[in-house]
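Note that the structure is a prediction, hence the values are computed from the model and not measured.
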Amino acid sequence: MKYTVILLLSMLCSNGLQAQSNQQTSKALLERVIPERANQFLVQSIPSENGQDVFEIQTRDNKIVLGGNNGVSIAAALYYYLNNFCHAQITWNGTNLHLPVTLPRPAVTIHQTTPYEYRYYLNYCTFNYSMSWWDWPRWEKEIDWMAIHGINMPLAITGEEYTWYLVYKEMGFSDADLQGFFCGPAYFSWFWMGNLDGWGGPLPLHWMETHFELEKKILQRERALGMKPVLPAFTGHVPAAFRKKFPGAKLKTTNWNNGFDSTYILDASDPLFAAIGKKFLEKQNRLLGSDHLYSADTFNENEPPSDQPDYLSGLSSRIYQGMHQADTAAVWVMQGWLFYSDRKFWKEPQTKALLQAVPDNKMLLLDLATEIEPIWKRTDAFYGKPWIWNMLNNFGANTNLFGRMETVATAPAKALKDANSKQMKGIGLTMEGIEQNPVLYELLLDNIWKKDTINLDQWLPQYIRNRYGSLNPHAEKAWDILRRTVYTVPADKYIRDGAESIVQGRPTFDSVTRWTNTKLNYTDKDLLPAWDALILAADSCKKSDGFQFDVVDLTRQVLANYALPLQQKIARAYQQGDTLLFTAYSRQFISLIEDMDKLLATRKEFLLGNWVADARKWGIDEKEKALYEFNAKDLITLWGDQDCPLHEYACRQWSGLLNDFYKPRWQQFFTQLLADQKAGKGFDKTAFSKHIKAWEWHWVNARKDYPVVTAGDPIKMSVKMFLKYRSVIAEN
């Protein structure tokens with residue numbers, strides 16, 4: 001009896017401390033998000049409901065009371081209130097927090113639960129395509145964004161390299177042994193997935209130490225809000241020096257086939273595999289703590305050496321055992337990308353063998369691009385494993401208007417209610433890059449607190465009102481067109497992601513290059529009426545930050561699309577030997593690039609200068625600053641060396657990049673064509689390719705600053721571009 005009383009008191013005390021912590025953390029978030037209105041709110045802890053996260057909003061003593069079972073739920077209550085009572089919005093690309101001095105008080109209690117246990121966020125690639133240079137203030141802002149949008153399961157791999165550095169040092173590896181192993185800061189995503197070693201390095205120890213400290217802050221804040229971060233685990237990728245240290249180890253090489261040297265993978269059957277996996281997790285858990293969720297991706301875009309089910313079963317079993325030995329509560333979180341990207345290998349026997357070797361309650365699958373292709377539907381819902389429905393949408397942090405709006409509004413709830421989905425446990429975002437298409441991310445995350453499908457006819461006007469501060473008929477018309485064009489992918493067409501502009505491709509007369517895909521999911525001129533309507537809405541909506549971004553973004557897309565027919569005119573004029581037309585169209589093409597650069601200079605989201613400056617800030621001397629600048633510029637252009645087949649995969653339409661990289665490439669192309677024609681000889685593609693690759697490599701390695709503040713008015717510049725190009729494009 002005495003023991004029971006003590007245990008009960010202990011539990012009550014623990015619950016009380018947790019409630020107090022929730023309230024303190026939530027109050028701090030309110031002060032950061034709405035500092036001038038935070039004193040009009042009270043926060044309180046309420047119990048979960050049948051194991052589900054829950055929030056409430058009510059009025060008490062003339063205060064707005066936000067209740068939730070954890071910090072994320074309380075933060076979500078705040079955002080629900082801001083959306084629905086104040087018509088406010090917080091996105092990466094525009095925020096509307098023009099709140100009344102006295103906030104409206106809810107007349108009745110709002111009560112919401114979520115059917116999704118897990119709300120996942122991030123992709124390995126996001127940490128580099130978007131987050132490579134983030135400092136704590138930027139991370140703090142993102143974690144708040146995650147919380148108010150209901151995210152409770154973020155991937156957390158910042159600073160992972162330092163834990164591995166400590167582990168390998170304890171195993172007897174020298175700094176020299178590791179110098180060619182750790183990659184540069186812009187390439188960690190592919191390093192951790194075993195695709196490459198060393199590229200963009202050598203990595204300074206100062207980077208490892210500072211980012212390990214950054215990871216501590218990230219985890220502390222995420223956990224304080226009630227999130228359960230997913231930490232990394234060992235998948236077999238080891239340094240090349242491992243061969244000498246452990247000559248008897250079972251090593252195999254894998255090659256990503258993208259211009260990088262082979263990496264070394266320790267065979268899971270080697271006893272060292274489980275030992276190292278255990279050693280790493282024990283070290284990581286001592287230093288950073290654990291929520292028992294561990295990310296490990298085997299053979300990311302690399303085929304296993306054998307397709308025998310027994311081999312694959314043994315592989316996954318040993319990876320899990322490595323986790324289990326260090327943490328008996330470990331749950332393996334696996335990205336399901338391999339089942340999408342290499343479906344020829346991962347047939348039913350192979351997939352089933354890999355998954356079924358791990359207990360169902362010890363593995364969680366991420367259906368990584370469910371909106372493109374639901375892998376759960378062709379794997380019998382991952383053969384009984386718990387899994388999460390995710391939207392990927394963006395590849396390489398490319399700049400384009402694109403998405404599957406109807407799918408995002410309806411498919412998660414339909415899957416949740418489908419008996420064939422079995423253990424669907426969550427919903428999430430797994431984009432390769434963020435800070436574009438805010439409507440898609442707001443829409444996906446609005447599913448979190450709903451059991452039913454979202455009606456876009458009702459949802460979209462609310463989104464517009466929250467974003468622009470009022471409803472405008474022209475804005476509504478524009479968005480109705482956008483919904484039916486850029487945000488619809490015809491069912492009869494396989495289109496993975498949004499189109500890029502031919503401007504970003506290596507100069508060519510072709511209409512597309514390998515990664516600069518210009519294929520639209522709509523007819524380019526169908527976008528013109530949306531442009532008309534948004535320009536007409538400018539007078540009414542011009543004070544809205546979100547509108548300013550949207551009108552620039554839509555103008556950018558129209559001009560980016562127009563580049564292709566113009567480039568094809570240049571090609572035809574050259575092939576027909578019409579030098580006058582070739583010269584005229586070439587000048588128009590260069591002028592178009594310059595105009596796009598001026599347009600994008602009006603918004604901070606489109607500045608190359610911030611990307612480069614943020615990279616250089618991490619360096620403590622000129623050598624480090626130069627290394628980080630190289631990483632920043634290389635990733636978004638060549639990706640690797642001069643001959644890397646991934647060039648332009650992560651291309652951006654950014655001010656600074658357009659004028660300083662894309663424009664000079666095309667100018668050199670046009671100049672060479674005319675020179676060869678004047679000399680009476682054909683264009684030497686091989687010679688030009690060699691020349692332009694050398695020029696690109698010089699640009700990537702050059703030291704240069706770019707503007708870090710905007711220039712010009714986004715509305716005025718958009719209208720200027722409209723007046724200059726609208727009729728030209730329509731007649732084209």
Side-chain angles (χ1 to χ4, degrees), residues 19 22-23 25-34 36-91 95-117 119 144-152 225-227 409 412-413 416 426-427 441-467 469 471:
N22 285 347
Q23 292 174 31
T25 302
S26 300
K27 287 177 182 177
L29 182 143
L30 281 163
E31 291 287 350
R32 291 191 299 272
V33 176
I34 48 169
E36 296 178 356
R37 302 289 184 275
N39 62 357
Q40 297 186 41
F41 290 88
L42 296 174
V43 297
Q44 68 178 18
S45 291
I46 60 175
S48 61
E49 191 170 293
N50 298 319
Q52 296 177 318
D53 283 352
V54 59
F55 72 71
E56 286 186 347
I57 308 168
Q58 57 186 301
T59 300
R60 184 193 309 147
D61 300 329
N62 206 32
K63 296 276 188 178
I64 304 153
V65 183
L66 306 175
N69 63 303
N70 53 42
V72 169
S73 296
I74 294 172
L78 170 65
Y79 199 50
Y80 183 98
Y81 173 82
L82 293 175
N83 279 174
N84 292 279
F85 288 85
C86 301
H87 305 296
Q89 189 182 95
I90 300 171
T91 77
T95 291
N96 172 23
L97 283 175
H98 298 293
L99 308 179
V101 174
T102 301
L103 298 176
R105 272 43 175 172
V108 296
T109 297
I110 309 297
H111 183 94
Q112 295 279 341
T113 60
T114 174
Y116 301 105
E117 180 180 353
R119 288 91 69 188
D144 285 346
W145 180 92
M146 289 156 52
I148 65 175
H149 285 87
I151 300 295
N152 71 347
L225 285 163
M227 299 179 190
L416 189 67
I427 191 171
Y441 301 97
E442 290 292 300
L443 177 59
L444 185 282
L445 293 174
D446 211 30
N447 282 283
I448 286 177
W449 300 96
K450 293 179 171 63
K451 295 180 177 67
D452 298 317
T453 58
I454 294 173
N455 183 331
L456 282 174
D457 292 334
Q458 298 171 2
W459 187 91
L460 196 53
Q462 174 81 349
Y463 171 85
I464 298 166
R465 182 177 182 182
N466 292 351
R467 188 161 181 78
L471 273 178

(message) Please evaluate residues Asn466 and Glu442 with respect to the criterion side chain to side chain contact (heavy atoms under 4.5 Å, CB included), reporting the C-alpha separation (whole Å), side-chain torsions for both, the decisive distance (0.1 Å), and the verdict.
(response) CA-CA 11 Å; Asn466 292 351; Glu442 290 292 300; over 6 Å; no
(request) May I have the step-by-step check of side chain to side chain contact (heavy atoms under 4.5 Å, CB included) for Leu456 and Trp459, ending in yes or no? (result) CA-CA 5 Å; Leu456 282 174; Trp459 187 91; 4.2 Å; yes
(request) Evaluate side chain to side chain contact (heavy atoms under 4.5 Å, CB included) for Ile427 paired with Arg119, printing each intermediate quantity in order. (result) CA-CA 5 Å; Ile427 191 171; Arg119 288 91 69 188; 4.1 Å; yes
(request) In sequence, state the C-alpha distance, the side-chain angles, and the governing distance for Leu97 and Leu82, and then conclude on side chain to side chain contact (heavy atoms under 4.5 Å, CB included). (result) CA-CA 8 Å; Leu97 283 175; Leu82 293 175; 4.2 Å; yes
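Of all heavy-atom pairs between Ile74 and Gln44, the closest is CD1-O, 3.7 Å. Looking at every heavy atom in both residues, Gly67 comes nearest to Ala77 through O-CB, 4.3 Å. Between Ile448 and Tyr116 the shortest heavy-atom distance is O-CD1, 3.6 Å. Nearest approach of Pro47 to Asn69, heavy atoms of both residues: C-CB, 3.9 Å. Listed here is the closest heavy atom pair of Pro104 and Pro106: O-CD, 3.8 Å. Closest heavy-atom contact between Gln23 and Ser45: NE2-N, 3.9 Å.
Not counting sequence neighbours, the partners of Tyr80 by the ring-ring contact (aromatic ring centres under 6.0 Å, His included) test are Phe55. Scored by the side-chain hydrogen bond (donor to acceptor under 3.5 Å, both in side chains) test, Ser26 finds no partners at all (sequence neighbours excluded). In terms of the side-chain hydrogen bond (donor to acceptor under 3.5 Å, both in side chains) criterion, Gln52 has no residue partners (sequence neighbours excluded). Taking Phe41 as the reference, Tyr81 meet the ring-ring contact (aromatic ring centres under 6.0 Å, His included) condition, with sequence neighbours excluded. For Lys451, the salt bridge (Lys or Arg N to Asp or Glu O under 4.0 Å) test picks out no residue, with sequence neighbours left out. Considering only residues two or more places apart in sequence or on other chains, Thr91 meets the side-chain hydrogen bond (donor to acceptor under 3.5 Å, both in side chains) condition with Arg467. His98 is linked by a side-chain hydrogen bond (donor to acceptor under 3.5 Å, both in side chains) to nothing, counting only residues two or more places apart in sequence or in another chain. Ala147 pairs by the side-chain contact (heavy atoms from CB on, under 4.5 Å) definition with Leu29, Ala75, Leu225, Met227, not counting sequence neighbours. For the ring-ring contact (aromatic ring centres under 6.0 Å, His included) test, residues two or more places apart in sequence or in another chain that qualify with His149 are Tyr79, Trp145. Shown here are the side-chain contact (heavy atoms from CB on, under 4.5 Å) partners of Ala28, two or more places apart in sequence or in another chain: Arg32.
Residue pairs meeting the salt bridge (charged side-chain N to carboxylate O under 4.0 Å, His left out) criterion with at least one member in residues 74-90: none, sequence neighbours excluded. Listed by first and then second residue, the salt bridge (charged side-chain N to carboxylate O under 4.0 Å, His left out) pairs involving residues 59-68 amount to none (not counting sequence neighbours).
Under a 3.5 Å cut-off, the side chain of Arg37 and the backbone N or O of Pro100 do form a donor-acceptor pair. Panel note: side chain Gln89, backbone Ile464; no donor-acceptor pair is recorded below 3.5 Å. In this structure, Arg105 contributes its side chain and Thr59 its backbone to no donor-acceptor pair below 3.5 Å. No donor-acceptor pair under 3.5 Å is formed between the side chain of Thr113 and the backbone N or O of Val54. In this structure, Asn152 contributes its side chain and Glu117 its backbone to a donor-acceptor pair below 3.5 Å. Without hydrogens or angle criteria, Asn96 side chain to His87 main chain gives a donor-acceptor distance under 3.5 Å. Judged by distance alone, with hydrogens and angles left aside, the side-chain atoms of Asn447 form a donor-acceptor pair with the main-chain N or O of Leu444 at under 3.5 Å.
Counting heavy atoms from C-beta outward, Asp144 and Ile148 have side chains that stay 4.5 Å or more apart. At a threshold of 4.5 Å between non-hydrogen side-chain atoms, the residues Ile110 and Asn84 do not count as touching.
Considering CD1 of Ile454 and CD of Gln462, their distance stands at 12.0 Å, rounded to 0.5 Å. Between Asp53 atom CG and Asn70 atom CG the span is 4.5 Å, to the nearest 0.5 Å.
The side chain to side chain contact (heavy atoms under 4.5 Å, CB included) test with Ile64 is passed by exactly one of Val43, Leu103, Leu42: Leu103.
Around atom CZ of Arg465, no more than 12 heavy atoms belonging to other residues, nucleotides or ligands sit under 6.0 Å away.
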